[in-house]
Participant: 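Have a look at this one before I ask anything.
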Amino acid sequence: KKEFSILTEFIEGNTLKAELEGIMQKAKKHDDSKKGPGKAGELLKLAGEKIALLHNAGIVHGDLTTSNIIVQWPAGDKGELVSGSLDKKSKTGKGPDARKARKGPVLVFIDFGLGELSAKIEDKAVDLLAFKKMFLSTHFGLAKEWTGLEKAYSNACSDGPLVLKRIPKIEARAMYA
């Protein structure tokens, strides 16, 4: 009888959803609502860039939500270590030197169960549209930050402008479905 096992890595950090909710709670307490994009805007721009990297590699996630993105902060930023982050000073990107030297958060995408390989503009647009709808319904207090994500995505994705141009067409089709 053969035995098989599946090994998974525990990924340290909070979900992007939890991070954004924490930022909103803090903003309410300190009345920071009139400030610029701040940390939430920066996290969303980073998410746009990383989604673009997936799409550039021909990977469509299929279930993009803020619950399927883990935010890892470098040591000293929030007191947490980041596992295996790449760093210019570290050739392997592993070990304590790589974790300490890196600046800014790392986003780790999880749950690719509905994912697929596709270079189609339509598939990428559907992926991004599903994320947009989820984001705007869950994080409606941050709706104005969505344009920053789209801009970052457009700048980083080789098909970015075409993907963003396709979204309204998909939305129009869905109205009559």
Side-chain angles (χ1 to χ4, degrees), residues 6-25 27 33 36-73 82-86 93 104-177:
I6 298 174
L7 298 176
T8 60
E9 176 184 357
F10 179 77
I11 301 171
E12 294 284 342
N14 294 322
T15 62
L16 180 56
K17 179 180 181 180
E19 291 285 340
L20 294 173
E21 288 172 349
I23 290 167
M24 289 298 292
Q25 289 297 324
S33 56
K39 194 178 267 188
E42 294 306 313
L43 285 171
L44 291 171
K45 287 177 189 174
L46 183 59
E49 292 169 3
K50 299 308 176 187
I51 294 167
L53 287 177
L54 288 174
H55 288 177
N56 284 341
I59 300 168
V60 174
H61 187 280
D63 191 19
L64 282 173
T65 68
T66 52
S67 294
N68 285 338
I69 302 172
I70 305 294
V71 181
Q72 296 182 321
W73 296 94
V82 177
S83 61
S85 61
L86 269 169
V106 168
L107 300 184
V108 179
F109 289 75
I110 60 170
D111 193 1
F112 284 82
L114 297 174
E116 62 181 333
L117 297 176
S118 176
K120 295 178 184 174
I121 300 298
E122 180 85 4
D123 293 343
K124 294 174 186 179
V126 168
D127 208 29
L128 199 56
L129 176 58
F131 188 54
K132 178 182 179 181
K133 287 184 173 193
M134 177 286 316
F135 178 83
L136 294 176
S137 65
T138 306
H139 306 286
F140 49 87
L142 294 169
K144 63 183 179 181
E145 305 296 344
W146 180 258
T147 56
L149 182 144
E150 284 184 337
K151 185 175 181 182
Y153 175 86
S154 183
N155 290 336
C157 184
S158 57
D159 298 325
L162 295 172
V163 171
L164 292 174
K165 196 173 186 179
R166 181 70 58 95
I167 289 175
K169 293 176 184 176
I170 295 168
E171 288 176 310
R173 284 196 315 250
M175 284 186 212
Y176 302 104

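Computed from heavy atoms alone, side chains included, the values below leave out hydrogens, waters and symmetry copies.
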Participant: Is the shortest side-chain heavy-atom distance between Ile51 and Leu128 below 4.5 Å?
Facilitator: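 The answer is yes; the side chains approach within 4.5 Å.
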Participant: Which pair of heavy atoms, one from Thr66 and one from Phe131, lies closest together, and at what distance?
Facilitator: N-CE1, 3.8 Å
Participant: Sub-3.5 Å donor-acceptor pair from the side chain of Thr138 to the main-chain atoms of Met134, do we have one?
Facilitator: yes
Participant: Using the rule given for side chain to side chain contact (heavy atoms under 4.5 Å, CB included), can you reason through Lys17 versus His139, listing the C-alpha separation, both sets of side-chain angles and the distance that settles it, and then say yes or no?
Facilitator: CA-CA 8 Å; Lys17 179 180 181 180; His139 306 286; 3.8 Å; yes
Participant: Against Phe109, only a single residue in Leu64, Asn68, Ile59, Ile70 fulfils side chain to side chain contact (heavy atoms under 4.5 Å, CB included); can you say which?
Facilitator: Leu64
Participant: Please confirm whether the backbone N or O of Glu12 pairs with a side-chain atom of Gln72, one donor and one acceptor, at under 3.5 Å?
Facilitator: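 Yes: the side chain of Gln72 pairs with the backbone of Glu12.
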Participant: If you look at every heavy atom in Ala156 and Asn56, which pair is closest and at what distance?
Facilitator: O-ND2, 2.9 Å
Participant: Kindly say whether Glu150 contributes a backbone atom to a donor-acceptor pair with the side chain of Asn155 at under 3.5 angstrom?
Facilitator: no
Participant: Is the shortest heavy-atom distance from the side chain of Ile11 to the side chain of Ile110 under 4.5 Å?
Facilitator: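 Contact flag for Ile11/Ile110 side chains = yes.
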Participant: Could you tell me whether the side chain of Ile6 reaches within less than 4.5 Å of the side chain of Thr8, counting heavy atoms only?
Facilitator: yes
Participant: Looking at Ile170 and Ala125, what are the two nearest heavy atoms and their distance?
Facilitator: CD1-CB, 3.5 Å
Participant: If you take all heavy atoms of Lys124 and Ser118, which pair is closest and at what distance?
Facilitator: CE-O, 4.1 Å
Participant: With a 4.5 Å heavy-atom cut-off, do Leu20 and Leu142 have their side chains touching?
Facilitator: yes
Participant: Can you name the nearest heavy-atom pair linking Ile23 to Ala40, along with the distance?
Facilitator: CD1-N, 3.7 Å
Participant: Less than 6.0 Å separating the ring centroids of Phe140 and Trp146?
Facilitator: no
Participant: Does Lys39 count as lying over the ring of Trp73, i.e. NZ or CZ under 6.0 Å from the six-ring centre, within 45 degrees of the axis?
Facilitator: yes
Participant: Mind listing the closest non-hydrogen atom pair of Lys132 and Glu171 along with its distance?
Facilitator: NZ-OE2, 4.1 Å
Participant: Looking at Asp127 and His61, would you say the former's side chain and the latter's main chain have a donor-acceptor pair under 3.5 Å?
Facilitator: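 Flag set: sc Asp127 to bb His61 pair under 3.5 Å.
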